[in-house]
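Below you'll find the structure, written out as structure tokens, and then a few comments.
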Amino acid sequence: MMKKLFYVDACMREGSNTKKIADAVIEELSKRYDIECVRLSEMSFPVVDDAILKERSNGYVPEEYVAMAKKIAAADRLVIAAPFWDMSFPSALKVFLENMSLFNITFNSNEKECYGLCKAEKVLYITTRGMDISTGDVMEQATPYIKALSRLWGLGELSVISAQNMDYSSEQQKTNKVNAAIAEGLRLCERF
Ligand SMILES: Cc1cc2nc3c(=O)[nH]c(=O)nc-3n(C[C@H](O)[C@H](O)[C@H](O)COP(=O)(O)O)c2cc1C
């Protein structure tokens, strides 16, 4: 049986450059993994509010969210594609992750601390940024969050494929950047 890869597509814009990179990488990975994809541009997850928290404390979480969180927990690999928005990623992704961050499914806790329940040993985050901001820059608040959530959920090593300064590049430069990121992504696929 093929190993499983869960792919969160948080590319929100038609013609997304992030998605161009992710499509090529996912196509390559689909040769070796069974891909389960959730496209956040086509779905709408609720903001976790008081009503949802009350339902959760009464032991109720919608069946389809439980099923999806279980798929994430059981996946051998996780890929997230998301453009760089407001120095982080689109809120649709944060809302999705909040809905998937479920006690006893993606993480658990003992009397001392939380610990992860997810199986994926490797995570890949693909992004493009408008400004000339590199991965790990203090202005870049997407990677630190994904790393922190990976710790909570028990996910393994994070790799990042990015292109930057997109909004200050010519069409040709953008194409070159996307192609360079695809090439880097395909190289990474060999050990992902
Ligand atoms: C709502 C919105 C917010 C953005 N915020 C930022 C930002 O804070 N910093 C930045 O460098 N670029 C920002 N950008 C530019 C995008 O990161 C850039 O255009 C990126 O390549 C878009 O990816 P896409 O082609 O996959 O949609 C923003 C773009 C949008 C639409």
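This structure is a prediction, so every number in the text was calculated from the model and none was measured.
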[X] (side chain) donor-acceptor with [Y] (main chain) under 3.5 angstrom:
X      : Y      : answer
Asp137 : Met139 : yes
Thr127 : Ala82  : yes
Asp49  : Ala51  : yes
Glu140 : Ala142 : yes
Glu113 : Asn110 : no
Glu55  : Ile52  : no
Asn99  : Tyr65  : no

Roughly how far, to the nearest 0.5 Å, is the [atom2] atom of [Y] from the [atom1] atom of [X]?
X      : Y      : atom1 : atom2 : value
Leu124 : Ser159 : CG    : OG    : 6.0 Å
Ser109 : Phe103 : OG    : CZ    : 4.5 Å
Trp153 : Leu102 : CH2   : CG    : 8.0 Å
Asp23  : Thr18  : CG    : OG1   : 10.5 Å
Leu152 : Thr106 : CG    : OG1   : 7.0 Å
Leu97  : Ile72  : CG    : CD1   : 7.5 Å

Take a 6.0 Å sphere around [atom1] of [X] and say whether it holds more than 12 heavy atoms from other residues, nucleotides or ligands.
X      : atom1 : result
Glu64  : CD    : yes
Lys70  : NZ    : no
Arg151 : CZ    : no
Met87  : CE    : yes
Glu121 : CD    : no

Is it true that the side chains of [X] and [Y] contain a donor and an acceptor less than 3.5 Å apart?
X      : Y      : result
Thr135 : Arg129 : yes
Ser101 : Glu98  : no
Ser134 : Gln164 : yes

Hydrophobic clustering (ILVMFWY, side-chain heavy atoms < 4.5 Å, transitive) - are [Y] and [X] grouped together?
X      : Y      : result
Ile35  : Ile80  : no
Val138 : Val160 : no
Leu188 : Tyr33  : yes
Val47  : Tyr60  : no
Ile126 : Val178 : yes

[X] and [Y]: which non-hydrogen atoms are nearest, and at how many Å?
X      : Y      : result
Ala73  : Ile105 : CB-O, 3.5 Å
Ser16  : Lys19  : OG-N, 3.0 Å
Lys177 : Ser169 : CE-OG, 3.3 Å
Leu93  : Ala10  : CB-CB, 4.0 Å
Ile21  : Ile182 : CA-CG1, 3.8 Å

(message) Given Leu40, which partner from the list Asp9, Val95, Val8 fulfils the side-chain contact (heavy atoms from CB on, under 4.5 Å) test?
(response)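 Only one of Asp9, Val95, Val8 forms a side-chain contact (heavy atoms from CB on, under 4.5 Å) with Leu40, namely Val8.
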Does [X] reach the side chain of [Y], with side-chain heavy atoms less than 4.5 Å apart?
X      : Y      : value
Pro90  : Pro83  : yes
Met68  : Val38  : yes
Lys94  : Phe89  : yes
Glu157 : Val123 : no
Val79  : Leu29  : yes
Cys118 : Phe6   : no
Thr143 : Leu158 : yes
Ile26  : Leu5   : yes

(request) Verify side chain to side chain contact (heavy atoms under 4.5 Å, CB included) between Lys20 and Asn17, making sure each step is shown before the conclusion. (result) CA-CA 5 Å; Lys20 286 178 198 157; Asn17 284 309; 3.0 Å; yes
Do the side chains of [X] and [Y] get close enough for a salt bridge, i.e. N-O under 4.0 angstrom?
X      : Y      : value
Arg187 : Glu190 : no
Lys174 : Glu171 : yes
Asp34  : Lys3   : no

(message) Can you classify the ring geometry of Phe96 versus Phe45 as parallel (below 30°), tilted (30 to 60°) or perpendicular (above 60°)?
(response)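 The rings of Phe96 and Phe45 stand perpendicular, inter-plane angle above 60°.
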(request) Might you work through the side chain to side chain contact (heavy atoms under 4.5 Å, CB included) test for Tyr7 and Arg39, ending with a clear yes or no? (result) CA-CA 8 Å; Tyr7 169 37; Arg39 282 192 211 289; 4.3 Å; yes
(message) I want to check a possible cation-pi pair here: Arg77 against Phe192, using under 6.0 Å from ring centre and within 45° of the ring axis as the test.
(response)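 Judged by the rule, Arg77 and Phe192 form a cation-pi pair.
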